[in-house]
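The structure displayed is predicted, hence computed values, not measured ones. Each chain gets a letter, A, B and so on, in the order its sequence line appears, and its residues count up from 1. Note that these values count all heavy atoms, side chains included, but never hydrogens, waters or copies made by symmetry.
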Amino acid sequence: MTGKRVLTAYAVLYLLFLYAPIVLLPLFAFNDGTVIAFPLRGFTLEWFEELTRTAALHQATLNSLVIASSTSVLATCLGMFAARAGARFRFPGKGGILGFIMLPLVLPEIIVAISLLVVLLQLGLSLSIWTVVAGHVLICTPFAVAILNGSFAGLDRSLEEAAVDLGETPLSTFRLVTLPLVTPGIVASLLICFTISLDEFIIAFFLSGNQPTLPVYLWSQLRFPGRLPIIFALGTILVCLSVGLLVAAEIFRRRGLRKAGLKDTGGFL
Amino acid sequence: MTRPIIELRNVHKYYGDYHALRGITADIGAGEFFSLLGPSGCGKTTLLRAIAGFEDISSGAILIDHREMEGVPPNKRPTNMVFQSYAIFPHLSVAQNVGFGLRRSPMSGEEKRKAVAEALEMVGLGGYGARAAHALSGGQRQRVALARALILKPKVLLLDEPLSALDKKMREQMQHELRRLQRQVGITFILVTHDQEEALIMSDRIAVMFEGSVAQLTDPQTLYRRPATRRVGEFIGMMNFLPAKLSGETSGGAMVEVAGLGTAELLSDQIPEGRAREGSIGVRPESLTILHEGQTAPREANAEVVERTYYGDMTYYDVRPEGVDGTVSVSMRNMPGRRVSEPGERVRLAWDPAAMVFFP
């Protein structure tokens with residue numbers, strides 16, 4: 001019994017350690033005072049209103065949304081190619097190639113960021129939101145592959161053969177059979193890549209030039225203590241958005257498995 | 001055989017160094033129920049998939065309705081397939097599955113609905129159209145797969161181990177239903193199976209395959225009674241083998257001396273693999289008879305019962321003929337008034353050379 005109690009206490013402490021800092025975000029976002037300290041001084045929506053009046057913030061948000069959307073579409077497309085190739089075909093060096101695709105998952109982001117910066121400057125390209133997209137696609141593709149692998153590997157090959165056998169071309173087979181069955185995986189991949197790109201800081205910091213993303217803009221505002229509550233307000237919105245997207249992604253993934261009558265074998269949540 | 005609908009001409013298939021099909025030549029008649037029977041890895045599924053167009057062949061030719069099929073993709077071939085896993089589209093309803101192949105047909109929507117309903121009726125699933133496909137049982141999936149393939153009225157229906165995923169009772173029921181369905185629609189069925197009993201029950205003709213070659217192609221009765229090789233004899237049903245010597249030639253065949261039984265004449269068609277001085281004869285358990293008191297037979301041999309297994313309708317005996325080391329299996333129908341012999345008992349065994357085949 002004591003063993004169980006100790007474990008429970010450990011679990012609670014563990015979760016506190018993980019999430020207590022995040023709970024501070026909404027707490028001070030609604031606090032009527034510029035100083036980040038207890039005791040709290042009262043409820044206000046002023047910081048959220050301030051957000052709507054900051055033009056640079058709007059530009060950064062727009063940048064982030066463009067980058068996240070482009071990244072999620074590109075990474076998901078690349079992930080589909082890789083996942084399908086991995087599930088369908090045998091070719092020399094397959095293990096190595098797929099491993100290489102997954103490598104950015106474990107590479108330190110700062111290394112990726114610096115390397116990309118060096119390469120881009122050597123190529124004479126100027127930094128913009130598109131260089132950030134390139135970097136984000138690199139780190140998002142492994143996630144897309146991991147999610148889509150499940151969808152494509154779980155797809156019975158004879159389903160596609162049956163469609164061809166019944167008169168469909170390979171292209172219409174993909175549209176009528178393959179796509180509907182992997183759609184939940186695709187949606188999940190889009191949402192997760194979008195979230196990762198939206199939150200990503202290091203690569204965006206190095207590659208965004210004078211077009212900051214939301215996290216980069218946030219970081220730049222840390223120099224002004226008076227603006228700290230605004231950052232907390234923004235952070236609150238971002239956390240809610242991220243959690244919402246992740247939950248939506250997982251719901252789609254599970255619904256897809258059910259629809260195809262498959263067993264749950266992976267996923268992130 | 002009727003007019004051939006499928007002609008296989010020296011079909012070879014290599015996977016790298018692996019020789020999966022080794023020169024298959026066969027004609028399959030229109031309206032036939034034809035089975036490809038063999039152990040796993042014998043190339044039967046590869047051959048079926050080659051006919052469907054899912055596998056390219058390395059050399060040789062496949063003709064369907066006298067048309068060379070090289071370069072013709074599966075969606076342009078007059079064949080349809082029932083897959084081993086049934087391949088029911090899980091995101092579509094039963095009716096949408098069955099009507100899938102009609103998407104490109106010039107029929108009106110009303111005609112298509114009628115065709116789907118008829119196809120479902122034919123396989124005994126009338127009224128199931130609106131059901132979700134993933135909610136069906138194994139047997140129902142099987143029927144949907146059949147209806148979906150037959151709705152296009154193919155010249156040939158290909159069935160890849162369609163009954164292997166069903167339980168025994170359902171399998172037996174489907175065997176009869178498939179046979180009935182085939183007679184009803186008159187379409188050529190080609191069935192791939194590893195179950196010899198299933199092939200014997202359902203087929204007009206059977207091609208037995210080992211290691212990418214056809215070992216024997218004939219009707220079920222001939223296959224059972226006159227296996228062309230020892231291996232075919234072992235694969236189809238149960239067969240006893242006894243050491244034997246061919247002695248003198250006769251006008252119709254040769255004299256054979258069977259260890260433990262005696263000497264008799266075999267006809268040429270009982271020596272399918274050619275003559276050799278020494279070899280063995282194969283004989284089915286039901287072709288040997290244990291004689292009871294007072295019964296006589298033209299050819300008798302003495303033997304000892306070693307083991308018996310009682311099945312109710314049948315009794316299987318392991319008996320050792322005099323002068324032989326091993327035992328042979330004898331099956332006897334249990335008739336009223338007929339005693340079951342016990343181990344250790346000495347019995348007389350009746351045998352008939354007409355039920356034997358000699359293998360070198």
Side-chain angles (χ1 to χ4, degrees), chain A residues 80 83-84 87-95 147-189 251-265, chain B residues 15-16 45 48-49 51-55 72-93 96-106 119 132-136 138 141 144-154 156-162 165:
Chain A
M80 264 167 70
R84 184 170 167 87
R88 276 288 174 274
F89 306 110
R90 276 194 290 177
F91 45 89
K94 177 175 163 183
I147 295 164
L148 292 165
N149 254 343
S151 302
F152 278 97
L155 200 64
D156 180 1
R157 179 169 195 174
S158 51
L159 288 175
E160 288 170 48
E161 287 183 342
V164 173
D165 188 60
L166 293 167
E168 297 300 334
T169 61
L171 204 67
S172 60
T173 294
F174 186 79
R175 187 166 60 79
L176 293 168
V177 175
T178 316
L179 209 54
L181 292 174
V182 297
T183 294
I186 291 174
V187 173
S189 164
I251 287 172
F252 265 101
R253 199 185 64 81
R254 290 192 188 172
R255 180 182 296 171
L257 288 176
R258 255 207 319 282
K259 200 161 137 194
L262 299 171
K263 274 214 183 71
D264 200 341
T265 52
Chain B
Y15 292 106
T45 296
L48 192 81
R49 291 173 56 82
I51 294 171
F54 291 119
E55 303 281 351
V72 181
N75 50 340
K76 302 271 186 255
R77 295 195 183 194
T79 59
N80 282 115
M81 189 143 162
V82 173
F83 291 82
Q84 188 170 9
S85 61
Y86 311 144
I88 303 298
F89 305 124
H91 58 301
L92 301 179
S93 71
Q96 285 171 322
N97 262 284
V98 174
F100 192 88
L102 297 179
R103 209 176 69 87
R104 285 161 190 267
S105 124
H134 62 83
L136 297 177
R141 280 160 185 266
V144 172
L146 268 170
R148 185 177 70 180
L150 285 173
I151 201 170
L152 294 173
K153 303 198 166 49
V156 181
L157 183 73
L158 307 168
L159 302 119
D160 184 9
E161 304 250 11

### Summary
Given P154(B), G101(B), A145(B), A133(B), the one with more heavy-atom pairs under 4.5 angstrom with chain A than any other is G101(B)
## Note on the structure
Looking only at heavy atoms, the pair that brings R148(B) and A162(A) closest together is NH2-CB, 3.6 Å
### Message
Does K153(B), at its NZ atom, have more than 12 non-hydrogen atoms belonging to other residues, nucleotides or ligands within less than 6.0 Å?
### Response
no
### Toward chain A, the part of F83(B) with a non-hydrogen atom under 4.5 Å
side chain
### Residue part contacting chain A, namely of I151(B), when any heavy atom lies under 4.5 Å
neither
### Query
Can you tell if the side chain of N75(B) reaches within under 4.5 Å of the side chain of E168(A), non-hydrogen atoms only?
no
### Message
Can you confirm whether L92(B) sits close enough to P180(A) that some side-chain heavy atom of one is under 4.5 Å from a side-chain heavy atom of the other?
### Response
no
### Message
Give me the atom names and distance for the closest heavy-atom approach of F89(B) to L159(A).
### Response
CE2-O, 3.2 Å
### Task
Please report the closest heavy-atom contact between F54(B) and E161(A), naming both atoms and the distance.
CZ-O, 3.2 Å
#### Entry: Option that, when pairs with chain B are counted at under 4.5 Å, heavy atom only, ranks first among T173(A), D156(A), L176(A)
L176(A)
### Task
For residues M81(B) and S158(A), determine if any side-chain heavy atom of one lies less than 4.5 Å from a side-chain heavy atom of the other.
no
### Message
I want to check something: taking the side chain as every heavy atom from C-beta on, are P73(B) and V164(A) in contact at a cut-off of under 4.5 Å?
### Response
no
### Query
Judged by atom type as modelled, is there a donor-acceptor pair below 3.5 Å linking the side chain of D165(A) to the main-chain atoms of P74(B)?
no
